[in-house]
K.L.:
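Structure in structure tokens, see below.
Keep in mind that this is a model prediction, so the values were computed, not measured. Protein chains get the first letters and strands the later ones, always in sequence-line order, with residue 1 at the start of each.
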2 protein chains.
Amino acid sequence: MQTVLATSGLSHAPNAALLRSIPTARTATGAPVLGTTRVLTKDEQIFAEGDRAAYFYKVVSGAIRTSKLLSDGRRQIDAFHLPGDIFGIESGEEHRFTAEALGTATVVMYRRCSLETLAASDGAFARQIVAAMMRSLERAQHHMLLLGRKSAMEKIATFLLDMAQRIAGDDHVDLPMSRTDIADHLGLTVETVSRSLTQMERQGLIELPAYRRTIMLRNKAALRHLDA
Amino acid sequence: MQTVLATSGLSHAPNAALLRSIPTARTATGAPVLGTTRVLTKDEQIFAEGDRAAYFYKVVSGAIRTSKLLSDGRRQIDAFHLPGDIFGIESGEEHRFTAEALGTATVVMYRRCSLETLAASDGAFARQIVAAMMRSLERAQHHMLLLGRKSAMEKIATFLLDMAQRIAGDDHVDLPMSRTDIADHLGLTVETVSRSLTQMERQGLIELPAYRRTIMLRNKAALRHLDA
DNA sequence: CGGTACGTTGATTAGAATCAACACAAGTGG
DNA sequence: CCACTTGTGTTGATTCTAATCAACGTACCG
């Protein structure tokens, strides 16, 4: 059995001042997997598209967005990562996304290991990484259907149901992201997101309290129907 | 070292008559990996969304499309698979796509192995599978940017350059798929694909011979510029 | 108490979808 | 071999969805 460790080499890490070296995970078999905890503030960047991929990350608290930019600034957020989610795994040398915190957040960073090491190692940790990769793939593929073929209302409905399930408020969602982030995730503009939400409220599907990041789901069946 | 085999159990395979049991691959270390070759005709289905995922596949010749359907028939083609590409890997019990041949095609099928087995095994074959998964993920993530944020012309330009690179005609592409397939891959309609191609021809970016599946790339630099 | 994000709403435009017709090549069968 | 069908691709007219441009609310923060 081979153990995968994150070294405590702070000299290689960005923003070393923010790092504390804390063992945070264990494999199923009990072998220690060391990670370094990093605390982030709103909009703080964890890594940028093109950075050397020395680490990958796991969300402990808060939420992270990973995104790509077009040369003229158009942005596509490929995913929002919630506690427990792993992000930043790369096969090449570089990160292909920018990762930023949506608000205050905590992540654990693990020293990156090569695909070869990963496939060859027989630890529970390796299994976890491969599973995370597969989950990312499934989400990405599912999201392509949304981006390519769904209308604005359908996109929003799908998004709300998905977030409700992941954030686990039964009849409401406390969104960790702005309308702009939602728009850039769904391939829409802020205005269209806002209008769609307003329309859903008028139709009684949802309710929008004064605190706009909370959304009450009033008619999940109808939302699921829109979800197609 | 553990060897991953596809058994010759034809009784479990669909369309057993079409199958011939042929060893077709070898791991880098020389250990035999048995696969079963399957020959397909135009539009023949390899597996459907929801089918039990007993095998995964590698394209030998021809091309394959994998797609998802919305309840009302809208279709999203997530990827075209060319010779050498692996498709149909699943972590769950079911295929999440439908796979069909674009024209006459040959694939090798491998008995599916669990993610656990995969991550735990140390063979070159396992590495290959993980690498294929990673490549799918990268393609999917790249495609999300296209679907969410690019205009019709940009989508077509990106698509043509990508296909040109994969099919390796230096200044032309022999597309294996119909305009409808292209549309369903790029999140457009057939009409828009056709109009965009015509417009590119008028602008001297490409040339469309009588055989409409061949496209001559006349100004790659301009196409790349559109690609953004 | 402003000031500054962020969010909503309104008016208009633009880009792609839709609806409809036609062109063209490849088969098919008489 | 030729009419005829069929599948595929193109083009045109029109509609419609979402983007854009612009203004205004509202909540939060120093």
K.L.:
Detail all sub-3.5 Å separations between protein N/O atoms and N/O atoms belonging to nucleotides 13-18 of chain C.
P.N.:
unit_1: C:dA16; atom_1: OP1; unit_2: B:Ala152; atom_2: N; d: 2.7
unit_1: C:dA17; atom_1: OP2; unit_2: B:Thr189; atom_2: N; d: 3.2
unit_1: C:dA17; atom_1: OP2; unit_2: B:Thr189; atom_2: OG1; d: 2.9
unit_1: C:dA17; atom_1: OP2; unit_2: B:Thr192; atom_2: OG1; d: 2.4
unit_1: C:dT18; atom_1: O4; unit_2: B:Arg195; atom_2: NH2; d: 2.8

K.L.:
For nucleotides 25-30 of chain D, list the nitrogen or oxygen atoms of the protein found under 3.5 Å from its nitrogen or oxygen atoms, one pair per line.
P.N.:
none

K.L.:
Counting any heavy atom closer than 4.0 Å, what does B:Lys42 reach on the DNA or RNA strands: base, sugar-phosphate only, or nothing?
P.N.:
sugar-phosphate
K.L.:
Counting only pairs under 3.5 Å, give me each side-chain donor-acceptor contact of residues 171-184 of chain B, with atom names and distances, residues two or more places apart or in other chains.
P.N.:
unit_1: B:Asp174; atom_1: OD1; unit_2: B:Thr214; atom_2: OG1; d: 2.5
unit_1: B:Ser178; atom_1: OG; unit_2: B:Thr180; atom_2: N; d: 3.4
unit_1: B:Ser178; atom_1: OG; unit_2: B:Asp181; atom_2: N; d: 3.2
unit_1: B:Ser178; atom_1: OG; unit_2: B:Asp181; atom_2: OD2; d: 3.4
unit_1: B:Arg179; atom_1: NH1; unit_2: B:Arg212; atom_2: O; d: 3.1
unit_1: B:Arg179; atom_1: NH2; unit_2: B:Arg212; atom_2: O; d: 2.9
unit_1: B:Asp181; atom_1: OD1; unit_2: B:Arg65; atom_2: NH1; d: 3.4
unit_1: B:Asp181; atom_1: OD1; unit_2: B:Arg75; atom_2: NH2; d: 2.8
unit_1: B:Asp181; atom_1: OD2; unit_2: B:Arg65; atom_2: NH1; d: 3.2
unit_1: B:Asp184; atom_1: OD1; unit_2: A:Arg149; atom_2: NH2; d: 2.8
unit_1: B:Asp184; atom_1: OD2; unit_2: B:Arg75; atom_2: NE; d: 2.6
unit_1: B:Asp184; atom_1: OD2; unit_2: B:Arg75; atom_2: NH2; d: 2.9

K.L.:
Should the pair A:His95 and A:Tyr57 be assigned to parallel (<30°), tilted (30 to 60°) or perpendicular (>60°) ring geometry?
P.N.:
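Geometry flag for A:Tyr57 against A:His95: tilted rings.
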K.L.:
Quick one: A:Ile206 CD1 to C:dT8 P, roughly how many Å, whole number?
P.N.:
9 Å
K.L.:
Test your reading of the model: is there a side-chain donor-acceptor pair from B:His81 to the backbone of B:Ile64, 3.5 Å cut-off?
P.N.:
no
K.L.:
Rounded to the Å, how far apart are A:Gln199 CD and C:dG7 P?
P.N.:
19 Å
K.L.:
Using a cut-off of less than 4.0 Å, is there contact between a side-chain N or O of B:Ser194 and OP1 or OP2 of D:dT11?
P.N.:
no
K.L.:
What is the distance, rounded to the nearest whole Å, between atom CZ of B:Arg213 and atom P of C:dA25?
P.N.:
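These atoms are roughly 15 Å apart.
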K.L.:
Ignoring hydrogens and angles, state whether a donor on the side chain of B:Glu201 or B:Thr198 is under 3.5 Å from an acceptor on the partner side chain.
P.N.:
no
K.L.:
Please list, by residue number, the residues of residues 171-184 of chain A whose heavy atoms come closer than 4.0 Å to an atom of DNA chain C; answer none if no residue qualifies.
P.N.:
A:Ser178, A:Arg179
K.L.:
Cut-off 3.5 Å, no hydrogens considered: what does the side-chain donor-acceptor table look like for residues 203-211 of chain A, sequence neighbours left out?
P.N.:
unit_1: A:Glu207; atom_1: OE1; unit_2: A:Arg218; atom_2: NE; d: 2.7
unit_1: A:Glu207; atom_1: OE1; unit_2: A:Arg218; atom_2: NH2; d: 2.8

K.L.:
Would you classify C:dA16 as syn or anti? Syn applies when the glycosidic angle is within 90° of 0.
P.N.:
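Chi for C:dA16 falls in the anti range.
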K.L.:
For the residue pair B:Ser91 and A:Glu138, confirm or rule out a side-chain donor-acceptor distance under 3.5 Å.
P.N.:
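Yes - a donor-acceptor pair under 3.5 Å links their side chains.
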K.L.:
Does anything in residues 63-75 of chain A come within less than 4.0 Å of DNA chain C? Heavy atoms only, and list the residues if so.
P.N.:
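DNA chain C contact set from residues 63-75 of chain A: none.
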K.L.:
When the distance from CG of A:Leu102 to P of C:dA5 is rounded to whole Å, what number comes out?
P.N.:
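Rounding to the nearest Å, CG of A:Leu102 and P of C:dA5 are 18 Å apart.
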